[in-house]
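Every chain is numbered from 1 and lettered A, B, ... according to where its sequence line falls, protein lines coming before strand lines.
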Amino acid sequence: MKYWLMKSEPDVFGIDDLEAAPRSTTAWDGVRNYQARNMLRDEFQRGDLAFLYHSSCKEPGIAGVIEVVRPGYPDPSALDRKSPYFDPQSDKQSPRWYSVDVKLDRRIDPPITLKELREHQRGALKDMLLLRRGNRLSVTPVTAKEWNFILGMR
DNA sequence: GCCAACGTTGGC
DNA sequence: GCCAACGTTGGC
């Protein structure tokens with residue numbers, strides 16, 4: 001089993017939206033970066049856990065734990081002409097983009113802020129990808145050590 | 001295959 | 001709104 005961190009803008013889709021979704025489950029679609037795509041397609045497994053991270057908002061931080069309930073499958077939004085994530089270059093035969101389905105496991109209240117995480121940037125979280133300068137990947141792996149340490153912060 | 005221009009991300 | 005960092009595009 002692996003651990004991940006998945007970014008989302010709460011103004012677009014946040015933990016409240018996930019909780020309100022049917023069975024608190026949603027398709028994690030719209031990822032349009034090859035590195036992230038490869039992880040969704042090749043590495044995500046049912047039962048993996050991920051932090052839901054709120055980005056581009058007032059208090060960026062980890063707002064909850066989510067579980068992968070369906071591993072990588074072709075992202076339907078890439079083929080949906082009406083979707084904002086539609087990609088005319090993708091096609092059904094050789095899908096370019098992938099999604100996974102995730103379910104809310106539990107909220108982290110209050111969220112563990114980026115500020116708090118940064119307090120450990122020289123210590124337990126010194127290798128955490130999220131905290132790396134210039135990191136823009138919306139899906140990143142988290143080590144078991146980092147995972148447990150961060151959960152211990154609440 | 002190089003690399004400049006451009007677009008996007010995301011914290012501040 | 002600014003801007004650093006980085007990915008992508010496209011001309012050559």
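Listed pair A/Lys7 / B/dT9 fails the phosphate criterion, with no side-chain N or O lying under 4.0 Å from OP1 or OP2. OP1 or OP2 of B/dG11 sits under 4.0 Å from a side-chain N or O of A/Tyr53.
The distance from atom CH2 of A/Trp97 to atom P of C/dG7 is 13 Å, rounded to the nearest whole Å. In this structure, A/Leu137 places its CG atom 16 Å from C1' of B/dG11, rounding to the nearest Å. Following rounding to the nearest Å, A/Arg136 (CZ) and B/dT8 (C1') show an atom-to-atom distance of 5 Å. Straight-line distance from the CD atom of A/Gln35 to the P atom of C/dC6: 11 Å, rounded to whole Å. Atom CZ of A/Arg132 and atom P of C/dG7 are 13 Å apart (whole Å). Going from atom CG of A/Asp11 over to atom P of B/dG11 covers 12 Å, rounded to whole Å. Atom CZ in A/Arg37 sits about 14 Å away from atom C1' in C/dG7, given to the nearest Å. Atom CD of A/Glu59 and atom P of B/dG10 are 17 Å apart (whole Å).
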Give the intermediate values and the outcome of ring pair (Phe, Tyr, Trp, His ring centres under 6.0 Å) for residues A/Tyr34 and A/Trp97.
CA-CA 8 Å; A/Tyr34 288 104; A/Trp97 305 115; 4.8 Å; yes

Apply side-chain hydrogen bond (donor to acceptor under 3.5 Å, both in side chains) to residues A/Ser77 and A/Arg32 and explain how you reach the verdict.
CA-CA 11 Å; A/Ser77 72; A/Arg32 296 294 178 265; 3.1 Å; yes

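Of the candidates B/dC12, B/dG10, C/dG7, the closest approach to any side-chain atom of A/Asn33 belongs to C/dG7. The listed nucleotides are C/dT8, C/dG7, B/dG11; the one nearest the side chain of A/Tyr34 is C/dT8.
Taking a cutoff of 4.0 Å between a charged side-chain nitrogen and a carboxylate oxygen, A/Asp101 and A/Arg23 do not qualify as a salt bridge. Under the 4.0 Å criterion applied to side-chain N and carboxylate O atoms, A/Asp80 and A/Lys82 are not assigned as salt-bridge partners.
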